[in-house]
A.B. asks: 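Have a look at this one.
What you see is a predicted model; the values in this text were computed from it and never measured. Below, all heavy atoms of this structure are taken into account, side chains as well, without hydrogens, waters or symmetry copies. Throughout, a chain's letter reflects where its sequence line sits, starting with A, and its residues are numbered from 1.
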Protein chains: 2
Amino acid sequence: MDEKAALAVFECLSSGVRLGVFRLLVKAEPVGVVAGDIAAALDVAPSSLSFHLRTMTQAGLLRVEQEGRFLRYRANLALMTEVVGFLTANCCSGVPGGCRDADVLAGRISDCGASNPMQESKA
Amino acid sequence: MDEKAALAVFECLSSGVRLGVFRLLVKAEPVGVVAGDIAAALDVAPSSLSFHLRTMTQAGLLRVEQEGRFLRYRANLALMTEVVGFLTANCCSGVPGGCRDADVLAGRISDCGASNPMQESKA
DNA sequence: ACGATAATTCAACTATTTTGGAAATATCGA
DNA sequence: TCGATATTTCCAAAATAGTTGAATTATCGT
């Protein structure tokens, strides 16, 4: 993962429409959703959605597969993992314990035994 | 963390300049860097940098503190952790094992004992 | 083969973001 | 207090991104 690829991922998720697409597809894992259903779910014009899907696919955030005249899209979760690793690489050089958040984030300090630390907190 | 806040974070990291700022500050944790040094390091005009720093601070991605006539900026790693949790919440509903990447990413399956799983792989 | 359906591409248009210089604000050191 | 320094704010120009509808490509069902 280089800076260019990471930037492409963030560009993808920086539009309301594209963030909506990604969230929808994350929920729909591992089945995926065909383009038309995405458009209907998010109320976006087909050509506009197509534009966004292309951007996201090129960035590697989505995987696409043809099913007859449908195109089924899926989220690429592994890429997000890479991005987080990229962000926290070379972090906090030489300051032991000074960067807990980043360490947990990158999986270097594991949070074993903690109960669902990432659960969304209602609000 | 709601969708609006997550979107703001991604908007922040979707510009080359801002991604550069964040990476610089992650590396500089927990000391931080003053605005002028950020501008010098990234070769950005002061007024332009100021614009980006304001965006990032408003999104909560940066913390700022005044030191005389300097402003020292720091990265807020905890927010990134929240964002990842937000992204993977409600993921892969009812499909056991069908979403390993997301589970590892969100810390629900811990990767205890694995050796530095996030290390950047040379390329 | 033919009409209907799924999705994409294209081109023009609109909207938003980013930039950089000049001016403003505030702190520092002597 | 005064000049230098650090940073921000303001504003107009330049650059990018997003939307739309029409045309296009390809597959489906009959």
A.B. asks: Please walk me through it: do A:Glu29 and A:Leu77 pass side chain to side chain contact (heavy atoms under 4.5 Å, CB included)?
C.D. replies: CA-CA 9 Å; A:Glu29 273 295 289; A:Leu77 278 317; 3.7 Å; yes
A.B. asks: Of all the heavy-atom pairs spanning A:Ala41 and A:Leu24, show the shortest one and how long it is.
C.D. replies: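 For A:Ala41 and A:Leu24, the tightest heavy-atom pair comes out as CB-CD2, 4.1 Å.
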A.B. asks: Can you tell if the side chain of B:Val34 reaches within under 4.5 Å of the side chain of B:Leu71, non-hydrogen atoms only?
C.D. replies: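 No, every pair of side-chain atoms sits at 4.5 Å or beyond.
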A.B. asks: Any chance you could lay out the side chain to side chain contact (heavy atoms under 4.5 Å, CB included) test for A:Leu13 and A:Arg18, step after step, and finish with the verdict?
C.D. replies: CA-CA 6 Å; A:Leu13 299 174; A:Arg18 289 190 297 261; 5.7 Å; no
A.B. asks: Choosing from C:dT18, C:dT9, C:dT19, which nucleotide comes nearest the side chain of A:Arg54?
C.D. replies: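 Among C:dT18, C:dT9, C:dT19, the one nearest the side chain of A:Arg54 is C:dT9.
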A.B. asks: Take the protein atom CD of B:Gln66 and the nucleotide atom P of C:dT25, then report the distance between them rounded to whole Å.
C.D. replies: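 Between P of C:dT25 and CD of B:Gln66: 15 Å.
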A.B. asks: Within this structure, what is the CG-to-P distance between A:Leu49 and C:dT8, rounded to whole angstrom?
C.D. replies: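 Those two atoms, CG and P, are 7 Å apart.
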A.B. asks: Between D:dT27, D:dT19, C:dT19, which one does the side chain of B:Val17 approach most closely?
C.D. replies: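 Of the candidates, C:dT19 comes closest.
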A.B. asks: If you compare all heavy atoms of A:Ala75 against all heavy atoms of A:Leu62, which two are closest, and at what distance to 0.1 Å?
C.D. replies: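 Residues A:Ala75 and A:Leu62, closest heavy atoms: CA-CD2, 4.2 Å.
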A.B. asks: Decide yes or no for B:Val9 and B:Met80: does some side-chain heavy atom of the first lie under 4.5 Å from some side-chain heavy atom of the second?
C.D. replies: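 Contact flag for B:Val9/B:Met80 side chains = yes.
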A.B. asks: Taking the side chain as every heavy atom from C-beta outward, state whether B:Glu65 and B:Tyr73 have any pair of such atoms under 4.5 Å apart.
C.D. replies: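 Result no, sub-4.5 Å side-chain heavy-atom pair not found.
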A.B. asks: How many whole angstroms separate atom CD of A:Glu11 from atom P of C:dT16?
C.D. replies: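 Roughly 18 Å, once rounded to whole Å.
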A.B. asks: Provide, to the nearest angstrom, the distance between the CZ atom belonging to A:Phe51 and the P atom belonging to C:dT14.
C.D. replies: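 Checked: the CZ to P distance equals 17 Å.
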A.B. asks: Between D:dT8 and B:Tyr73, is there an OP1 or OP2 to side-chain N/O distance shorter than 4.0 Å?
C.D. replies: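 True: B:Tyr73 side-chain N/O within range (under 4.0 Å) of D:dT8 OP1/OP2.
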A.B. asks: B:Ile38 has an atom CD1; how far is it from atom C1' of D:dA6, in whole Å?
C.D. replies: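 The distance from CD1 of B:Ile38 to C1' of D:dA6 comes to 13 Å, rounded to the nearest Å.
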A.B. asks: For the pair made of CD in A:Glu65 and C1' in C:dA7, what is the distance, rounded to whole Å?
C.D. replies: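 It is 16 Å, rounded to the nearest whole Å.
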A.B. asks: Side chain of A:Ser50: nearest nucleotide among C:dT9, C:dG20, D:dT7?
C.D. replies: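 My answer, after comparing the listed nucleotides, is C:dT9.
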A.B. asks: Output yes when at least one side-chain N/O atom of B:His52 is less than 4.0 Å from OP1 or OP2 of C:dT17, else no.
C.D. replies: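 Indeed not, no polar side-chain atom of B:His52 lies that close.
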A.B. asks: Would you indicate what B:Val44 reaches in the nucleic acid, counting non-hydrogen atoms under 4.0 angstrom: base, sugar-phosphate, or nothing?
C.D. replies: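 If one applies the 4.0 Å heavy-atom cut-off, B:Val44 turns out to touch nothing in the nucleic acid.
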A.B. asks: Ignoring hydrogens and angles, are the base of C:dG21 and the side chain of B:Ser47 linked by a donor-acceptor pair under 3.5 Å?
C.D. replies: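 Indeed, a donor on one side and an acceptor on the other fall under 3.5 Å apart.
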A.B. asks: Roughly how many Å is it from CE in B:Met56 to P in D:dT8, rounded to a whole number?
C.D. replies: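 Distance check: B:Met56 CE to D:dT8 P gives 13 Å.
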A.B. asks: Does any non-hydrogen side-chain atom of A:Leu61 lie less than 4.5 Å from one of A:Leu25?
C.D. replies: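 A:Leu25 vs A:Leu61: side chains apart.
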A.B. asks: Through what angle, rounded to 10 degrees, does the axis of the helix from C:dA1-D:dT30 to C:dA30-D:dT1 turn between its ends, using five pairs per end?
C.D. replies: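 One end axis against the other gives 40°.
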A.B. asks: Let's see if you can work this out: which of D:dT20, D:dT8, C:dT8 has an atom nearest to the side-chain heavy atoms of B:Leu71?
C.D. replies: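 Closest nucleotide among those given: D:dT8.
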A.B. asks: Pick the nucleotide of DNA chain D nearest each of A:Ser48 and A:Phe70; which residue has the one closer to the 5' end?
C.D. replies: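 Nearest nucleotide further toward 5': that of A:Ser48.
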A.B. asks: Would you please confirm or rule out a distance under 4.0 Å between OP1 or OP2 of D:dG18 and any side-chain N or O of A:Arg18?
C.D. replies: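 It does, given that an N or O in the side chain of A:Arg18 lies less than 4.0 Å from OP1 or OP2 of D:dG18.
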A.B. asks: In whole Å, what is the span from the CG atom of A:Leu53 to the P atom of C:dT9?
C.D. replies: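 Atom-to-atom, A:Leu53 to C:dT9, this comes out as 11 Å.
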A.B. asks: For the side chain of B:Arg69 and the base of D:dT7, is some donor closer than 3.5 Å to an acceptor across the two?
C.D. replies: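 For B:Arg69, whose side chain was compared with the base of D:dT7, there is no donor-acceptor pair (under 3.5 Å).
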